[in-house]
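Written out below as structure tokens is the structure these notes cover.
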2 protein chains.
Amino acid sequence: MRIGELARKAGTTTRTLRYYEARGLLPARRGENGYRRYDEEDLRLLHQIRLLQDFGFELEETRPFVDCLRAGHPSGDSCPASLDVYRRKLDELDAVIERLRQVREQMGAQLARAELEASAQQPPAPRCELTQAPSGRREQERGPDDDAVE
Amino acid sequence: MRIGELARKAGTTTRTLRYYEARGLLPARRGENGYRRYDEEDLRLLHQIRLLQDFGFELEETRPFVDCLRAGHPSGDSCPASLDVYRRKLDELDAVIERLRQVREQMGAQLARAELEASAQQPPAPRCELTQAPSGRREQERGPDDDAVE
DNA sequence: GTAGACCTTGACCCCGACGTCAACGCCAGC
DNA sequence: GCTGGCGTTGACGTCGGGGTCAAGGTCTAC
Ligand SMILES: [Zn+2]
Ligand SMILES: [Zn+2]
Ligand SMILES: [Zn+2]
Ligand SMILES: [Zn+2]
């Protein structure tokens, strides 16, 4: 099949397929007229790539899976190289999720506090002193030109 | 103080401060020689920006907080506009976290299955048929040129 | 033969938050 | 007066994953 058909079957664009080819990820054979030719295996490889992309893999990280499939192995993750990528991505993912979870927690607390202060006219609870308006000047050392404010 | 000192105090770079100024987020007064001049309030504003940036806010999303502080309000999130941003970011965050959680789950399952198949020489369990090597050809309709493979 | 649906390469554009020069001005100390 | 460390503006590069022309070649149907 040609590039447009493959793109349609895989739910992507021709530009994307040319991009993958330029990156050496999904090279295409050529017909007499110079048109790219693909077969069903390419569709399979492409499908693997898109799946991992949807998982948040970078393009380069899909390469072991594609190579594995191209080697004729039963599935893209049959090779240790693919499993290594899995494990690395899982660690990354855990780290990111944990980080976001903590951020979410902090932000939720900030919002709750701010809403409370907004409803009642209470004085702001103590937080990082630098994100508040100045009340009593008790800042760190200052440069020699700080009082030269226009 | 001058740009370098502010950058050092805030743990960022002069390039970043010029960028913020170009975006209208942290404009600077100028001395006679054309040098940018900052005071302690700028440090506070900058601190608010960096804090939110660390939370994953885009630069534009920090603007309500900065405006709020600049208006003399007790904290950057004293204004409803800031609270709206909080709420929007929380929703985004929840969505992202949930998505990542699901991806993590799927990937973990894939890894477990692949490891199992690697240890024992079992046939691959059924998954999306397109990410596996072909066994019995039973694909969908094909274009008129699929058999013309070189 | 000609429209128009496909294909080709090449080139530039996009996003965000800066990094990295280049070429120059200002100011301190010696 | 000269070096070195600051500052200035401007312009271009980065990263990933493509989008969007533009100018032309190919093939099929009418
Ligand atoms: Zn393999
Ligand atoms: Zn702080
Ligand atoms: Zn306010
Ligand atoms: Zn599938």
Side-chain angles (χ1 to χ4, degrees), chain A residues 1-39 42 45-63 66 85 89 92 96 143-146 148, chain B residues 1-38 42 45-63 65-66 85 89 92 96 142-146 148 150:
Chain A
M1 75 191 100
R2 293 179 305 180
I3 192 169
E5 189 182 352
L6 178 60
R8 240 176 300 108
K9 280 184 179 173
T12 183
T13 70
T14 61
R15 177 66 179 96
T16 297
L17 297 183
R18 293 195 193 97
Y19 180 67
Y20 290 173
E21 182 175 22
R23 317 258 40 204
L25 198 60
L26 192 67
R29 284 114 305 190
R30 298 300 180 113
E32 300 178 358
N33 49 13
Y35 287 13
R36 290 172 178 82
R37 324 227 50 171
Y38 300 92
D39 55 16
D42 291 317
L45 301 184
L46 180 52
H47 201 82
Q48 173 77 79
I49 295 172
R50 303 303 297 183
L51 179 68
L52 296 178
Q53 284 268 86
D54 289 346
F55 278 179
F57 282 50
E58 291 176 19
L59 218 43
E60 273 310 306
E61 295 174 325
T62 71
R63 198 178 292 270
V66 176
V85 178
K89 293 305 277 186
E92 280 180 28
V96 169
D145 41 7
D146 275 8
Chain B
M1 79 191 96
R2 294 179 304 180
I3 193 170
E5 190 182 351
L6 178 60
R8 240 176 301 108
K9 279 185 179 173
T12 182
T13 70
T14 61
R15 178 65 179 96
T16 297
L17 297 182
R18 293 196 192 97
Y19 179 65
Y20 290 173
E21 182 175 22
R23 313 261 60 200
L25 197 61
L26 192 66
R29 282 115 307 188
R30 299 300 180 113
E32 301 178 359
N33 49 13
Y35 287 13
R36 291 171 177 81
R37 322 226 51 163
Y38 301 92
D42 291 318
L45 300 184
L46 180 51
H47 200 81
Q48 174 77 77
I49 297 172
R50 301 305 297 185
L51 180 68
L52 296 177
Q53 284 268 86
D54 288 347
F55 278 177
F57 282 50
E58 290 175 19
L59 218 42
E60 273 311 307
E61 295 174 325
T62 71
R63 198 178 292 271
F65 295 80
V66 176
V85 178
K89 292 305 277 186
E92 280 180 28
V96 169
R142 300 186 289 157
D145 41 8
D146 275 10
E150 44 133 10

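Naming convention: chains lettered A, B, ... in sequence-line order (proteins, then strands); numbering from 1 in each chain. Excluded from the calculations below are hydrogen atoms, water molecules and symmetry mates; all remaining heavy atoms, backbone and side chain alike, are included. Bear in mind the structure is a predicted one, so any value in this text is a computation, not a measurement.
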* Grab the CG-P distance between B:Leu17 and C:dA17 for me, whole Å please. => 15 Å

* Between C:dA17 atom P and B:Leu25 atom CG, what is the distance in whole Å? -> 10 Å

* Map A:Phe57 and B:Gly4 onto DNA chain D by nearest heavy atom, then report which one ends up closer to the 5' terminus. => B:Gly4

* Terminal axis angle for the helix from C:dG1-D:dC30 to C:dC30-D:dG1, five pairs an end, nearest 10 degrees -> 30°

* Expressed in angstrom and rounded to an integer, what is the separation of A:Leu26 atom CG from D:dG18 atom P? -> 12 Å

* **Value in whole Å for how far the C1' atom of C:dA5 lies from CZ of A:Arg2** => 9 Å

* **Salt bridge present between B:Glu92 and B:Lys89 (N-O < 4.0 angstrom)** => yes

* Asked: When rounded to the nearest 0.5 angstrom, what distance separates CG in B:Leu52 from CD in B:Glu58?
  -> 12.5 Å

* Structure fact -> B:Leu59 atom CG is separated from C:dA17 atom P, nearest whole Å, by 5 Å

* Asked: Hey, which of these two, A:Tyr19 or A:Glu32, hits DNA chain D nearer its 5' end, going by closest nucleotide?
  -> A:Tyr19

* Going by modelled atom types, is there a donor-acceptor pair between the base of D:dG19 and the side chain of A:Arg15 at under 3.5 Å? -> yes

* To do: Using atom CZ of A:Arg37 as one end and atom C1' of C:dT8 as the other, report the distance to the nearest whole Å.
  => 14 Å

* To do: Determine whether any donor atom in the side chain of B:Arg36 lies under 3.5 Å from an acceptor atom in the base of D:dT8, or the reverse, and answer yes or no.
  => no

* Give me the one residue out of B:Arg8, B:Lys9, B:Arg2 that meets salt bridge (charged side-chain N to carboxylate O under 4.0 Å, His left out) with B:Glu5. => B:Lys9

* May I ask you to verify if any side-chain N or O of A:Asn33 is less than 4.0 angstrom from the OP1 or OP2 atom of D:dG25? => no

* Scan A:Arg50 against the nucleic acid and name what it touches under 4.0 Å (heavy atoms): base, sugar-phosphate only, or nothing. => sugar-phosphate

* **Phosphate contact (C:dC26 OP1 or OP2) by B:Arg30 side-chain N/O below 4.0 Å** => no

* Round to a whole Å and report the spacing from CZ of B:Arg63 to P of C:dA17. => 11 Å

* Asked: Would you say A:Thr13 reaches D:dG18's phosphate, i.e. side-chain N/O to OP1/OP2 under 4.0 Å?
  -> no

* Calculate the interatomic distance between B:Tyr38 atom OH and D:dG7 atom C1'; express it in whole Å. => 11 Å

* Does a side-chain N-to-carboxylate-O contact under 4.0 Å join B:Arg37 and B:Asp42? -> no

* To do: Compare side-chain N and O positions of A:Gln53 against OP1 and OP2 of D:dG18 and report whether any pair is under 4.0 Å apart.
  => yes

* Lys/Arg N to Asp/Glu carboxylate O, A:Arg63 vs A:Glu60, below 4.0 Å -> yes

* Base D:dG25 to side chain A:Tyr35, donor-acceptor N/O within 3.5 Å cut-off -> yes

* Asked: Using a cut-off of less than 4.0 Å, is there contact between a side-chain N or O of B:Arg18 and OP1 or OP2 of D:dT8?
  -> yes

* For A:Thr62 and A:Phe57, which heavy atoms make the closest approach, and how far apart are they? -> CG2-CB, 4.1 Å

